[in-house]
Number of protein chains: 2
Amino acid sequence: MTAHAGERLLTPGEVANLFRVDPKTVTRWATAGRIGSIRTPGGHRRFRESEVQELLSQLTTEATEPVRH
Amino acid sequence: MTAHAGERLLTPGEVANLFRVDPKTVTRWATAGRIGSIRTPGGHRRFRESEVQELLSQLTTEATEPVRH
DNA sequence: GAAAAGTAGGGTAATTGGGGAC
DNA sequence: GATGTCCCAATTACCCTACTTT
């Protein structure tokens, strides 16, 4: 299972910085279920660093595929 | 490999401004694999600033002898 | 307890993606 | 072959106020 405590959590602002987007956008991702999120008792969201890093590492050099014409 | 975050990212519009081209053209570059890109969970592209700067410097040194130091 | 910064909401503008055509 | 422009749908950015976090 992937449920490990001790996982570092990131704030919406930190995630937003990594993706170069607005913090509100990160919130929308969570609402849309595109990214997992944890809620503080006060209702604020926290994100798993490992999941964020995984999403970031999907750097696409989309030229790897065959050139057809 | 190239999979390292902690890199400043640029939006398609910003890259387009740097190159003085239409954002659509930047998209085509990404599709053609001429420039690497990271996708937000929403599908929008982000570009690595270092790579963009490198491409820009290639423009100024085009058809010229390599810069040695 | 108080203050500053960050976040959750909700609305509305701006940007981007995709596919095709010229 | 490469670029710009137009269309439409989706995503994202910026505006506000109230609440949470530190």
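Throughout, protein chains are lettered first and strands after them, A, B, ... in sequence-line order, and every chain is numbered starting at 1.
Contact between the side-chain N/O atoms of R34(B) and the OP1/OP2 oxygens of dA2(D) is found at a separation under 4.0 Å. Contact annotation: T11(B) does not reach the phosphate of dT12(D) (side-chain N/O to OP1 or OP2, under 4.0 Å). The side chain of T40(B) contributes no N or O atom lying less than 4.0 Å from OP1 or OP2 of dT11(D). Remark: R46(B) is not in phosphate contact with dT15(C), judged by side-chain N or O atoms under 4.0 Å from OP1 or OP2. At dT11(D), none of the side-chain N or O atoms of W29(A) fall inside 4.0 Å of OP1 or OP2 (strictly under the cut-off).
Here dG20(C) is the nucleotide among dG20(C), dT11(D), dA13(D) with the atom lying nearest to any side-chain atom of K24(B). Listed nucleotides: dT12(D), dT22(D), dG17(C). Nearest to the side chain of R45(B): dG17(C). For H44(A), taking side-chain heavy atoms from C-beta onward, the closest of the listed nucleotides dG18(C), dA13(D), dA8(C) is dA8(C). For D22(A), the listed nucleotide lying nearest its side chain is dA13(D); candidates were dG20(C), dA13(D), dT21(D). For R28(A), counting side-chain heavy atoms from C-beta on, the closest listed nucleotide (dG6(C), dT12(D), dT3(D)) is dT12(D).
In this entry the distance linking CD of E14(A) with C1' of dT7(C) reads 13 Å, nearest Å. As rounded to whole Å, 14 Å separates atom P of dT12(D) from atom CD1 of I38(B). The distance from atom CZ of R39(A) to atom C1' of dG9(C) is 10 Å, rounded to the nearest whole Å. Atom C1' of nucleotide dG6(C) and atom CZ of F47(A) are separated by 13 Å, given to the nearest angstrom.
A donor-acceptor contact closer than 3.5 angstrom links the side chains of R28(A) and T25(A).
Using a 4.0 Å cut-off between charged nitrogen and carboxylate oxygen, R20(A) and E14(B) count as a salt-bridge pair.
For dC6(D), the paired base is dG20(C) (Watson-Crick or G-U wobble, both distances below 3.5 Å).
Within the model, atoms CG of L10(B) and OG of S37(B) stand 12.5 Å from one another, a figure rounded to the nearest 0.5 Å.
Taking the centre of each ring, F19(B) and W29(B) come in below the 6.0 Å mark.
In this structure, the side chain of E51(B) does not engage the main chain of I35(B) through any donor-acceptor pair within 3.5 Å.
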